[in-house]
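Here is how names work: the chains are called A, B, and so on, in the same order as the sequence lines, proteins then strands, and each is numbered from 1.
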Amino acid sequence: MNTERKDVSRQAADRSVSGAQQSNGEREREVFLRPATDIFEDDEQITLVADMPGVSRERLDVQVDQDTLTLEGRIDIEDVAELQALHADVRARSYRRSFVLSQELDAERIEATLKDGVLNVRIPKRAELRPRRIEVQAR
Amino acid sequence: MIGYLSSPSGSVFDDVRRMQQELDELFGQFNGLDAIRSLPRSGFPPINVGVTPEQVQVYLFAAGIDPAKLDVSIQQNVLTIAGTRTAQAQEGRKHFRQERFGGEFRRVLTLPEDVDPDRVDAKYRNGVLQVTVARRAAARARKVDIQ
């Protein structure tokens with residue numbers, strides 16, 4: 001996945017800051033949106049579906065650090081000059097959410113897709129730990 | 001299976017956020033008075049509205065929707081956006097979390113009175129519907145020269 005982490009600036013409106021490297025301390029102060037997420041499991045994998053409207057592929061970052069899966073994305077909406085807010089349900093410019101993975105999941109083979117602001121992450125189970133099943137072929 | 005960093009659904013953070021929203025409603029985040037048809041700060045999908053002297057921009061944060069199934073209509077200065085989002089629930093798998101909205105939704109919002117309902121433009125990109133409504137030129141603030 002693309003890594004655009006350096007681009008995450010604290011002030012959404014402040015264009016001059018973006019692109020500049022920021023210290024961890026500064027980053028922590030940013031308010032993050034918590035994407036609504038569905039998680040379900042079948043025999044082969046765990047699937048995570050997260051709503052991140054406004055995030056483009058270039059602004060999405062899916063990372064696994066040891067056993068922690070972190071989803072991060074920045075809302076990429078073209079700025080309109082002189083825009084004054086009348087109403088705002090969404091009051092931050094970035095999403096972030098983390099989950100702890102369990103041992104039987106294969107973090108090396110995680111796949112992620114993004115379509116229309118919906119992030120789909122598939123985390124396969126290690127083959128040796130899947131429930132065994134014998135396929136019966138018709139024919 | 002997956003352990004969570006935050007507590008399970010209905011977490012403290014959700015409660016705090018809800019409380020903050022209610023406080024915002026009580027005290028009014030943008031001004032002290034609510035218009036009779038003003039928009040409550042809740043519901044799906046979240047909406048942001050911004051204005052410039054020339055136009056009104058409405059952003060609808062509705063990920064994963066088929067734009068063909070979105071119904072955007074405007075009557076004078078009342079904008080209605082309705083649609084359906086199909087829930088993904090399927091049989092034969094265990095669900096651990098279902099936070100995402102599924103089903104029909106409708107949000108109605110009152111725009112400034114000088115909008116021109118004949119000049120509306122809507123586009124859907126990366127899960128955000130952006131509706132641009134032009135404002136009538138006559139209503140724009142004009143600078144008055146002092147003699």
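A 6.0 Å sphere centred on CZ of B/Arg106 holds no more than 12 heavy atoms belonging to other residues, nucleotides or ligands.
Proximity to chain A is limited to the backbone of B/Ile65, based on heavy atoms less than 4.5 angstrom apart. With a 4.5 Å cut-off on non-hydrogen atoms, A/Val55 touches chain B through its backbone but not through its side chain. With a 4.5 angstrom heavy-atom cutoff, B/Pro67 does not touch chain A via any of its atoms. Neither the backbone nor the side chain of A/Leu114 comes within less than 4.5 Å of any heavy atom of chain B.
With a 4.5 Å cut-off on side-chain heavy atoms, A/Leu69 and A/Leu105 do not count as touching.
Between A/Arg97 and B/Glu99 a salt bridge is recorded (basic side-chain N to carboxylate O distance below 4.0 Å).
In the model, A/Arg122 has no side-chain atom that pairs as donor or acceptor with a side-chain atom of A/Thr47 under 3.5 Å.
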